[in-house]
2 protein chains.
Amino acid sequence: MRGERKSPTMADVAREAGVSSMTVSRAYRPGSPINAETREAIIAAAERLGYVFDSTAAGLSSRRTGFVAVTIPSINNANFADTVRGLTDGLGDSRLQVLLGYTNYDLEQEERLVRQLLTRRPEAIVLTGGRHTDACRRLLVHAGIPVLETWDAPADPVGSVAGFSNAEAGAMLVRHLVETGRRRIGFLGGDATRDTRGLDRRRGYLAAMAAQGLGAHRLVEAGPPPVSMREGAEAMAALVRRWPDTDAVICVSDLAAFGAVTECQRLGIAVPEQIAICGFGAYELAEVSIPAITTVDPHCYDLGRIAASHILGLLSDPSAAPSITTLQPTLMIRASTSVA
Amino acid sequence: MRGERKSPTMADVAREAGVSSMTVSRAYRPGSPINAETREAIIAAAERLGYVFDSTAAGLSSRRTGFVAVTIPSINNANFADTVRGLTDGLGDSRLQVLLGYTNYDLEQEERLVRQLLTRRPEAIVLTGGRHTDACRRLLVHAGIPVLETWDAPADPVGSVAGFSNAEAGAMLVRHLVETGRRRIGFLGGDATRDTRGLDRRRGYLAAMAAQGLGAHRLVEAGPPPVSMREGAEAMAALVRRWPDTDAVICVSDLAAFGAVTECQRLGIAVPEQIAICGFGAYELAEVSIPAITTVDPHCYDLGRIAASHILGLLSDPSAAPSITTLQPTLMIRASTSVA
DNA sequence: CCACTATATGTTATCGATAACATGGTCAAT
DNA sequence: ATTGACCATGTTATCGATAACATATAGTGG
């Protein structure tokens, strides 16, 4: 094999093809003025040498790294994964590539992550959630690149937004349950310190309960986010132990809700006849579960698509104002809350 | 705000702190010989200017980008997510950062992804699976960096391995089902074109059935991978329609298995009394489901940790030979196959 | 036939950091 | 006082590409 010692550069390819390295550079970027035959000869020379383009050098030189930095709370979550898919698909074959990191639902860790990601000189940055540490916010504002917040509808966004109101999602569920005759409604979520989106849904629950003149004291905290299925089950057991007359429960996610449903099955509690249960996120699980679980669909994939489209717009026209898109989450009524 | 026009560089920080830019560089890399007070003064100057380190330039200059490229079939899969978590945790606070991409279970797309990732000059690359296109294999061999394959036990690995035998996982389940008296065992998986690991499990099933002298013709294909819960349910319905005397089903994943379980519930088929069902992956769902689903735990998180440790070893001693680690998957017997 | 435009290619400086080597100062041992 | 070791810092060249500008050749309209 040739070039085993040190990988060949554009200059090597240029020599091999008998052109200047600038011409090789042109051969590699679409839309450059270059003769078709010359390009083919260059690509052939590159293949012969086993040349691999170096984005690191290109990024330094052109000041366009092709990275879009993205932070999500957890990589192990179908909802955020869907948003990332939407974003990746939306970036399509623009030359942009997602650079992903996760924060473990922790704002301090988000700040550290943002700091690290910014050293890679991304051309835009996408954050899950609209709450950040002060220092993080400052970093974002000064980064000089498009900033997009998703999965939230912040009152004071840093830049663009592709989000929805978590509080409204919580409130929707309360209204639905009240309409179907429930009054003693509990909320099952993570502890009060971390998952700001889950907390927003809880705030929506509290406000909607108050608006209906109902007591909203049935709060169970299932530990640090994300709340697992098992933790959902345990928290459900704790809830009915403490407030046996509960007639409905809103869970912070469909996973917790599924755990709650299985716990009810174990305890001999009929769902939805004795207790209605609903979740959040429109996970496939909620649809397949028996009974199927009422949930709210935040349109995760679309959030990603919209985020991508905002970013592409801002990059093509840097003078454009930030774009704010707020989607309306969709209530999906299923067997776990509605007696057929 | 200062430095709004153009972000400050090390040279700017150096000027502000009254030192040379080389000294600033030293202030930013742990283990460099530098006076503690000088370092503090430099950091302070950097903060004043809002300086952000540029890894792009550092990577070009030092030829160490700090990236570990990782390919997984799908970002929306708890198993692969766990492996990535293990890897990230394992890299810990080494200066290495994961650069993730997904292949959508497609070897052609894997090749394209690898090509793209290599342009970022990663210091190592991790691949899910041991099967690749010829061109992809060539790229990997010539990349001149540690290559690690995971989630498989390839006969002819490119470099290092942190894997397990998918065929053995399939065979384990067959043996377990035979031990509990089942003979008419089906396999429910994706179509035969894409998910090579799922296909390996199917091969294991076929071989084990043959070894037991049993017919292994009850194969249902549920479409392209990944097989969803819903597709698992549909495939289960098709299976019992076609072969009503089936007494056990091995599903390509726990998600498909859960779908199959719910379908049985709908059809009034008792699990495990009439049909035993098992999955793969040790998803939380399999544990919480009622009945709990028998599965095989491939130790996803550990695979990631081991991969990280192999990589760190190879990077610290480039002359070291590749490391091969093969874990034994663990059978987890649950209610879906065992009559208590 | 001339100026004029478009296309294809080359030349030079530069992006922001680090490697490798050079240097000056301090301190202990002889 | 001299030598040598060591620590802290500076100087210069370089990593591999691209921006910006320069140049050459071919075709076009008046």
Side-chain angles (χ1 to χ4, degrees), chain A residues 3 5-43 45-46 49-67 95 118-123 143-144, chain B residues 3 5-43 45-46 49-67 95 118-123 143-144:
Chain A
R5 298 285 73 186
K6 191 164 142 331
S7 51
T9 71
M10 274 196 177
D12 298 318
V13 176
R15 205 169 309 120
E16 172 84 10
V19 297
S20 76
S21 61
M22 195 60 230
T23 304
V24 177
S25 174
R26 293 197 177 97
Y28 275 90
R29 45 188 30 237
S32 309
I34 186 173
N35 182 294
E37 286 173 29
T38 312
R39 164 176 277 137
E40 277 168 35
I42 288 170
I43 300 298
L49 297 179
Y51 171 70
V52 176
F53 186 86
D54 188 332
S55 308
T56 303
L60 175 60
S61 179
S62 68
R63 313 167 125 297
R64 280 133 100 279
T65 56
F67 279 133
R95 51 188 185 75
L118 288 180
T119 70
R120 299 289 182 183
R121 292 291 186 267
E123 299 184 41
Chain B
R5 297 286 73 183
K6 191 162 140 335
S7 51
T9 71
M10 273 196 177
D12 298 318
V13 176
R15 205 170 307 120
E16 171 84 10
V19 297
S20 76
S21 62
M22 195 62 229
T23 305
V24 177
S25 174
R26 292 196 178 98
Y28 274 90
R29 46 187 31 236
S32 309
I34 185 173
N35 182 293
E37 285 173 28
T38 311
R39 163 176 278 138
E40 278 168 34
I42 288 170
I43 299 299
L49 297 180
Y51 170 70
V52 176
F53 186 87
D54 188 332
S55 308
T56 302
L60 175 59
S61 178
S62 68
R63 311 167 128 295
R64 280 134 100 277
T65 56
F67 279 133
R95 55 193 178 73
L118 288 180
T119 71
R120 300 288 181 183
R121 292 291 185 266
E123 299 184 41

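In what follows, chains carry the letters A, B, and so on, assigned in the order in which the sequence lines appear, proteins first and then strands, with residues in each chain numbered from 1.
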J.: Under the 3.5 Å rule, do the base of C:dG10 and the side chain of A:Arg26 count as making a donor-acceptor pair?
T.: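 Result: at least one qualifying N/O pair found.
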
J.: Can you tell me which residue among B:Arg120, B:Glu123, B:Arg95 is in a side chain to side chain contact (heavy atoms under 4.5 Å, CB included) with B:Thr65?
T.: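 The single option meeting the side chain to side chain contact (heavy atoms under 4.5 Å, CB included) with B:Thr65 is B:Glu123.
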
J.: Tell me what B:Val19 touches on the nucleic acid: a base, only sugar-phosphate, or nothing, going by heavy atoms under 4.0 Å.
T.: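 Here B:Val19 touches the backbone only, sparing every base.
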
J.: Using modelled atom types only, decide if a donor and an acceptor are shared between the side chain of B:Thr9 and the backbone of B:Ala11 within a distance under 3.5 Å.
T.: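 Checking the backbone N and O of B:Ala11 against the side chain of B:Thr9, a donor-acceptor pair under 3.5 Å is found.
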
J.: Hey, does B:Tyr51 reach any base, or is it just sugar-phosphate, or nothing, if we go heavy atoms under 4.0 Å?
T.: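 Sugar-phosphate, backbone atoms only, no base.
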
J.: How do A:Ala57 and B:Gly18 order along DNA chain D: which one's closest nucleotide is nearer the 5' end?
T.: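 It is B:Gly18 whose nearest nucleotide is closer to the 5' end.
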
J.: Would you indicate what A:Thr38 reaches in the nucleic acid, counting non-hydrogen atoms under 4.0 angstrom: base, sugar-phosphate, or nothing?
T.: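 Sugar-phosphate, backbone atoms only, no base.
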
J.: In whole Å, what is the span from the CE atom of B:Met22 to the P atom of C:dG16?
T.: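 Rounded to the whole Å, the gap is 17 Å.
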
J.: Would you mind reading off the distance between B:Ile34 atom CD1 and D:dC6 atom P, rounded to a whole angstrom?
T.: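 Between P of D:dC6 and CD1 of B:Ile34: 20 Å.
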
J.: Under 4.0 Å, counting only non-hydrogen atoms across every strand here, what does B:Thr56 touch: a base, just sugar-phosphate, or nothing?
T.: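 Answer is nothing: B:Thr56 stays at 4.0 Å or more from every strand.
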
J.: Using a cut-off of less than 4.0 Å, is there contact between a side-chain N or O of A:Arg63 and OP1 or OP2 of D:dT18?
T.: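 For D:dT18, OP1/OP2 do not have a side-chain N/O of A:Arg63 under 4.0 Å.
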
J.: In whole angstrom, give the distance that lies between atom CE of A:Met10 and atom C1' of C:dT11.
T.: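 About 16 Å, once rounded to whole Å.
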
J.: Just how far, in rounded Å, is P of C:dA19 from CG of B:Leu60?
T.: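 Atom-to-atom, B:Leu60 to C:dA19, this comes out as 12 Å.
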
J.: Say whether, by atom type as modelled, one donor and one acceptor occur between the side chain of B:Arg63 and the main chain of B:Leu60 under 3.5 angstrom.
T.: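 Absent.
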
J.: Any idea which of D:dT18, D:dT11, C:dA17 is nearest the B:Ser20 side chain?
T.: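 For B:Ser20, the side-chain atoms sit closest to D:dT11.
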
J.: For the pair A:Ile43 and A:Tyr28, evaluate side-chain contact (heavy atoms from CB on, under 4.5 Å) and give the outcome as yes or no after the intermediate values.
T.: CA-CA 8 Å; A:Ile43 300 298; A:Tyr28 275 90; 4.2 Å; yes

J.: Tell me the interatomic distance from A:Asn35, atom CG, to C:dT7, atom P, rounded to whole angstroms.
T.: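 Spelled out: CG on A:Asn35 to P on C:dT7 is 13 Å.
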
J.: Can you tell me how far P of D:dT9 sits from CZ of B:Arg39, to the nearest Å?
T.: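 Value for this atom pair: 10 Å.
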
J.: Rounding to a whole Å, what distance do you find between A:Phe53:CZ and D:dA17:P?
T.: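 Rounding to the nearest Å, CZ of A:Phe53 and P of D:dA17 are 7 Å apart.
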
J.: Between B:Thr23 and B:Ile42, is a side-chain contact (heavy atoms from CB on, under 4.5 Å) present by the stated rule, with each step listed?
T.: CA-CA 9 Å; B:Thr23 305; B:Ile42 288 170; 3.8 Å; yes

J.: Output the single nucleotide from D:dG16, C:dA19, D:dT11 whose closest atom is nearest the side chain of B:Ser62.
T.: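 Nucleotide nearest to B:Ser62's side chain: C:dA19.
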
J.: Send over the distance from A:Asp54 CG to C:dA17 C1', rounded to a whole Å.
T.: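 My rounded result for the distance is 14 Å.
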
